[in-house]
Protein chains: 2
Amino acid sequence: MLKISRITDYATVVMAYLAQNPVDIHNAKDITTHTHIALPTVSKILKLLAKAELLISHRGANGGYSLAIEPKKISIASIIKAIEGDVGLTECAHTDSHCQIEASCSIRGNWRVISQIVLNALEDISLLEMVSPMSTQSVSVDKLKQALSEMNTEQQGLQDE
Amino acid sequence: MLKISRITDYATVVMAYLAQNPVDIHNAKDITTHTHIALPTVSKILKLLAKAELLISHRGANGGYSLAIEPKKISIASIIKAIEGDVGLTECAHTDSHCQIEASCSIRGNWRVISQIVLNALEDISLLEMVSPMSTQSVSVDKLKQALSEMNTEQQGLQDE
DNA sequence: TTTAAATAGTACTATTGCGGTCCTAATTAT
DNA sequence: ATAATTAGGACCGCAATAGTACTATTTAAA
Ligand code: FES
Ligand code: FES
């Protein structure tokens, strides 16, 4: 259903929590108690985030994790990528796809473009924004829509030539 | 991995095929042979699309399906919705969510907003565009990105007040 | 130097969701 | 009447995912 896996969702929760104290080091247990996500799950998430270099891990006693860069510079897209690997909206859009109907499919390329558009949208939302509440009926959406329709008409022109 | 289910992907293929002959009535068998998607699967997809009123079904002998409205007016988002029901990027973003950490989760609202943004992007891509090839490195992406970053800085302002 | 606290890495299981199939009823042109 | 179709479910098996557990490694502190 065009959705992100739950673990990824949890990852954003964890990151959001850490973003509230960007400097401090938090260990897994601490994060568990504050986010109410099961300890093993938190642990798993933290490892993935560290591997993706969004977090810095501090091993040994008094260890834990801290943000690698400031919340403003961390995009939602980067968190998603950290957990889910490379993202494509459709199965077939991936490079190594072996879709059965691939031969007679004319829209694969287009899905790639669309994936990019969505990714770009997520790339431009930072963790910082995630922490503070967004305005639900923000002007932004209208603005976005306008930009998109402009882009569409332009493309239309390209296609017609 | 932030992906659309394969059936939805197939649905776009079916719709794209129909869009090439917007007037004609095609039955399931015809569509199967042209798209190379298995017959039962095609059948299933067609039913869903008809239920969502994207297609008109003609029952009985010589029956089949035809587009309910012109390709230009059919958005990718509407196709996705037809197959996958209401869309939300995260599990919890749905109304009837019973996420365990719901109580202590501060970002649920924001995920709703983000879902909306993505949806809007898909809302503005029509089936017509899906049929003709999009330019892969289109100017549009840059334009979109620009619009988004503008929107971000504006929001930043809102938050700081 | 020893101990305890913490992460790294990996392997495992259970469950859910999804893709795909099939069957019966209802409808309609011939 | 008959044949061709869609409507609407029920159904199953697989694969991906969520969640757990265990061992090795690292490091601060006693
Ligand atoms: S649907 Fe698989 S390649 Fe187009
Ligand atoms: S993660 Fe479920 S409500 Fe926020």
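No hydrogens, no waters, no symmetry mates; every other heavy atom, side chains included, goes into these values. On a predicted model such as this, the values are computed, not experimentally measured, just so you know. Chain letters run A, B, ... following the sequence lines, proteins first and then strands; every chain starts at 1.
- Among the nucleotides C/dA29, C/dG20, C/dT7, the one closest to any side-chain atom of B/Tyr10 is C/dG20.
- By the 4.5 Å heavy-atom criterion applied to side chains, B/Lys47 and B/Tyr65 are counted as neighbours.
- Scanning residues 32-48 of chain A for heavy-atom distances under 4.0 Å to DNA chain D yields A/Ala38, A/Pro40, A/Thr41, A/Lys44.
- Comparing C/dA8, C/dT7, D/dT6 by their closest approach to the side chain of A/Ala50 singles out C/dA8.
- Under the salt bridge (charged side-chain N to carboxylate O under 4.0 Å, His left out) criterion, B/Glu70 pairs with B/Lys73, not counting sequence neighbours.
- B/Leu127 places none of its side-chain heavy atoms less than 4.5 Å from the side chain of B/Leu18.
- The backbone N or O of A/Lys29 lies less than 3.5 Å from a partner atom in the side chain of A/Asn27, making a donor-acceptor pair.
- Of the candidate nucleotides C/dA6, D/dG19, C/dG20, C/dG20 has the atom lying nearest to any side-chain atom of B/Arg6.
- When the nearest nucleotides of DNA chain D are assigned to A/Ile7 and A/Gly60 by heavy-atom distance, the more 5′-ward of the two goes with A/Ile7.
- Checking B/His58 against B/Ser66 by side-chain atom types alone, a donor-acceptor pair falls below 3.5 Å.
- Per the geometry, NE2 belonging to B/His58 stands 10 Å off P belonging to D/dT6, to the nearest Å.
- If you check distances only, the side chain of A/Arg59 does reach the base of D/dT25 with a donor-acceptor pair under 3.5 Å.
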